[in-house]
Amino acid sequence: MFLKNTYKQQILEYLEKFLQQKFQEFSVVNSWGEDVQKKLLPFLSRGKMIRGNLVFFSYSLFAKEDSEKILPVA
């Protein structure tokens, strides 16, 4: 199931990809996007991510298969 990485690691990997995509989209509009990008992920990674971990844990209790669909929710 989700044991290859911790829940937090999986959430952070998803967030990193998501933020890179969004910052590329917004880089045309904002000149301060690069600075925000450099600071946002380290800021987010310091959190405990209790809600995201609970989402993963709850899903793993009832799901019989892995799903990437749970990452945006977490």
Side-chain angles (χ1 to χ4, degrees):
M1 288 178 85
F2 294 108
L3 298 177
K4 62 182 176 184
N5 290 329
T6 66
Y7 300 147
K8 183 175 180 176
Q9 288 172 331
Q10 290 182 51
I11 295 169
L12 287 174
E13 288 171 7
Y14 175 81
L15 277 175
E16 185 175 9
K17 291 176 190 174
F18 177 80
L19 290 175
Q20 285 176 355
Q21 177 187 4
K22 291 301 175 186
F23 283 126
Q24 287 176 356
E25 292 174 12
F26 295 132
S27 65
V28 177
V29 179
N30 293 320
S31 61
W32 48 268
E34 188 176 331
D35 185 48
V36 172
Q37 182 179 3
K38 289 178 183 176
K39 294 178 181 177
L40 189 56
L41 191 61
F43 175 76
L44 293 173
S45 66
R46 287 183 289 213
K48 296 179 213 117
M49 298 190 181
I50 293 172
R51 185 177 300 130
N53 282 310
L54 286 174
V55 168
F56 259 107
F57 180 70
S58 300
Y59 179 80
S60 69
L61 288 175
F62 299 103
K64 297 182 187 209
E65 59 187 46
D66 289 348
S67 176
E68 297 292 322
K69 295 177 184 178
I70 197 69
L71 281 169
V73 177

Got [X] and [Y] here, is their nearest side-chain heavy-atom distance under 4.5 Å?
X	Y	answer
Met49	Thr6	no
Ile11	Val55	no
Leu71	Phe18	no

* Let me see the working for Leu40 and Phe23 under side chain to side chain contact (heavy atoms under 4.5 Å, CB included), right down to the final yes or no. => CA-CA 11 Å; Leu40 189 56; Phe23 283 126; 4.1 Å; yes

* Shortest non-hydrogen contact between Ser60 and Phe57, atoms and distance -> OG-O, 2.8 Å

* To do: For Ser45 and Pro42, work out which heavy atoms get closest and say how close.
  => OG-O, 2.9 Å

Separation between [atom1] of [X] and [atom2] of [Y], rounded to the nearest 0.5 Å:
X	Y	atom1	atom2	result
Leu19	Tyr14	CG	OH	9.5 Å
Lys8	Ile50	NZ	CD1	10.0 Å
Arg46	Leu41	CZ	CG	10.5 Å

* **Shared hydrophobic cluster, Leu54 / Phe62 (ILVMFWY, side-chain heavy atoms < 4.5 Å)** =>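 Different hydrophobic clusters.
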
* To do: Verify the cluster assignment for Leu15 and Phe43: are they in a single hydrophobic cluster under the rule of side-chain heavy atoms below 4.5 Å apart?
  =>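 Shared cluster, yes.
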
* To do: For the pair Lys48 and Asn53, evaluate side chain to side chain contact (heavy atoms under 4.5 Å, CB included) and give the outcome as yes or no after the intermediate values.
  => CA-CA 9 Å; Lys48 296 179 213 117; Asn53 282 310; over 6 Å; no

